[in-house]
Number of protein chains: 2
Amino acid sequence: MRLNDLDERIVHALAEDARRSYADIGTQVGLSAPAVKRRVDRLLASGAITGFTVRVDPAALGWETEAFVEIYCRRNTGPGDILRGLARYSEVATVSTVTGEADALVQVFASDVRHFERVLERIAGEPFVERTKSVLVLSPLLRRYTSGSPT
Amino acid sequence: MRLNDLDERIVHALAEDARRSYADIGTQVGLSAPAVKRRVDRLLASGAITGFTVRVDPAALGWETEAFVEIYCRRNTGPGDILRGLARYSEVATVSTVTGEADALVQVFASDVRHFERVLERIAGEPFVERTKSVLVLSPLLRRYTSGSPT
DNA sequence: ATTGAAAATCTCACACA
DNA sequence: TGTGTGAGATTTTCAAT
């Protein structure tokens, strides 16, 4: 789907505060409230917008430990296998297949290092996982456009 | 701030759909709409919730290329130097100092591989950067709780 | 895309445990 | 401190234009 300038400004407004009223957004972009709603509905239907969510402070929710885990898979493992295997973990925030030596890069939030260790052991025990390689986040210096944590 | 079970369930509900009505959330967690709003307001005031945002499909906004870049810094580089040096790039979404061989892990969104290459060259040219090592995202299989892209 | 009206929701006051 | 109830203000939502 192709977004025009008006759509982009609406998405930008929603990105800053997804609970702003359509009328508010409308006055900012020069549209009436129903017009804004129609465009948002269209963006939702087309998949350009996939939903609305909350920005949380992971530390405030008790998820103080963040890590990136490289996954090295056994032969004949497809993206679907990786997703199905990892989506079950509530501690897993993002999963991406990547170029390079590893097959996938996984972002994990845990309450502490002990918790992370348990999660890592379970992930490493998945049948499609050959080995893993993790780095722990020391300081989340910048979290732009995104922030989230499992519940 | 300490969150109890009710708060966590409310945050979880908002993470799935931040535009659900307080009454809906209330019936799910066993509270009235005003009670839910009061807790959300408190979570906002305490900083546990930092706002509401929209989940977008980066590709629909024209940001089709995502990459993770490991930064190896010169000696005597502090976290502040890394943050100041990288925050200027609008393509940089997240910056974290990490354990392991690299000093920092940076998430970058670009419109295409050519765009990413230009950004990478500029980052690699920063005075505190000794070398970089990148992996490109092939498929963003899972983007839980939020996903965003630079505007 | 806008207008205007009806339905739903938000948001506050107050009362209660 | 935290909750529920009810009323008024606001917003959403859908016709008709």
Side-chain angles (χ1 to χ4, degrees), chain A residues 1-64 111 145-151, chain B residues 1-57 60-62 143-149 151:
Chain A
M1 154 139 200
R2 194 82 187 84
L3 290 146
N4 64 23
D5 186 58
L6 231 38
D7 290 323
E8 280 200 28
R9 290 169 67 192
I10 291 171
V11 170
H12 187 75
L14 288 171
E16 285 182 348
D17 181 5
R19 286 189 77 106
R20 274 182 67 187
S21 75
Y22 292 139
D24 260 15
I25 297 170
T27 56
Q28 183 180 315
V29 305
L31 243 51
S32 69
V36 173
K37 176 187 161 32
R38 258 201 310 278
R39 293 180 100 101
V40 171
D41 287 343
R42 196 163 52 82
L43 292 167
L44 278 164
S46 73
I49 292 178
T50 60
F52 303 95
T53 189
V54 64
R55 268 195 303 263
V56 299
D57 178 3
L61 289 173
W63 300 88
E64 313 220 356
S111 53
Y145 312 114
T146 191
S147 123
S149 73
T151 48
Chain B
M1 154 141 201
R2 194 81 187 85
L3 289 145
N4 63 24
D5 186 59
L6 232 37
D7 290 322
E8 281 200 28
R9 290 169 69 191
I10 291 171
V11 170
H12 187 75
L14 287 171
E16 286 183 348
D17 181 5
R19 286 190 76 107
R20 274 183 68 188
S21 73
Y22 293 138
D24 259 15
I25 298 170
T27 56
Q28 183 180 313
V29 306
L31 243 50
S32 69
V36 174
K37 176 186 162 30
R38 270 194 296 268
R39 293 181 100 102
V40 171
D41 286 344
R42 194 163 53 83
L43 292 167
L44 278 164
S46 72
I49 291 178
T50 60
F52 303 96
T53 190
V54 63
R55 267 196 301 261
V56 299
D57 178 4
L61 290 176
R143 287 293 110 106
R144 206 128 66 171
Y145 306 114
T146 219
S147 124
S149 65
T151 48

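Chain A is the first sequence line, chain B the second, and so forth, proteins listed ahead of strands; every chain is numbered from 1. Model, not experiment: these values are computed from the prediction.
Across all non-hydrogen atoms, the minimal contact from Leu6(A) to Val29(A) is CD1-O, 3.8 Å. Annotation for Ile25(B) and Arg20(B): closest pair N-NH2, 3.9 Å, computed over non-hydrogen atoms.
Residues from residues 25-36 of chain B with heavy atoms under 4.0 angstrom of DNA chain D, sorted by number: Leu31(B), Ser32(B), Pro34(B), Ala35(B).
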- Message: Apply side-chain contact (heavy atoms from CB on, under 4.5 Å) to residues Leu14(A) and Ile49(A) and explain how you reach the verdict.
- Response: CA-CA 10 Å; Leu14(A) 288 171; Ile49(A) 292 178; 4.2 Å; yes

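Once rounded to the nearest 0.5 Å, the distance linking NZ of Lys37(A) with CG of Leu44(A) reads 8.5 Å. Here the NE2-CD1 distance, from His12(B) to Ile10(B), works out to 12.5 Å after rounding to the nearest 0.5 Å.
For DNA chain D, the outermost nucleotides in 5' to 3' order that have an atom under 4.0 Å from a heavy atom of chain A are dT11(D) to dC14(D). Of all nucleotides in DNA chain C, those with any atom nearer than 4.0 Å to a heavy atom of chain B start and finish, going 5' to 3', at dT9(C) to dC12(C).
A donor-acceptor pair under 3.5 Å is formed between the side chain of Arg9(A) and the backbone N or O of Gln28(A). Arg143(B) places no side-chain N or O within 3.5 Å of a backbone atom of Val56(B) that could act as its donor or acceptor partner. For the pair Ser46(A) (side chain) and Leu43(A) (backbone), a donor-acceptor distance under 3.5 Å is present. Without hydrogens or angle criteria, Thr50(A) side chain to Arg55(B) main chain gives a donor-acceptor distance under 3.5 Å.
By the 4.5 Å heavy-atom criterion applied to side chains, Asn4(B) and Arg39(B) are counted as neighbours.
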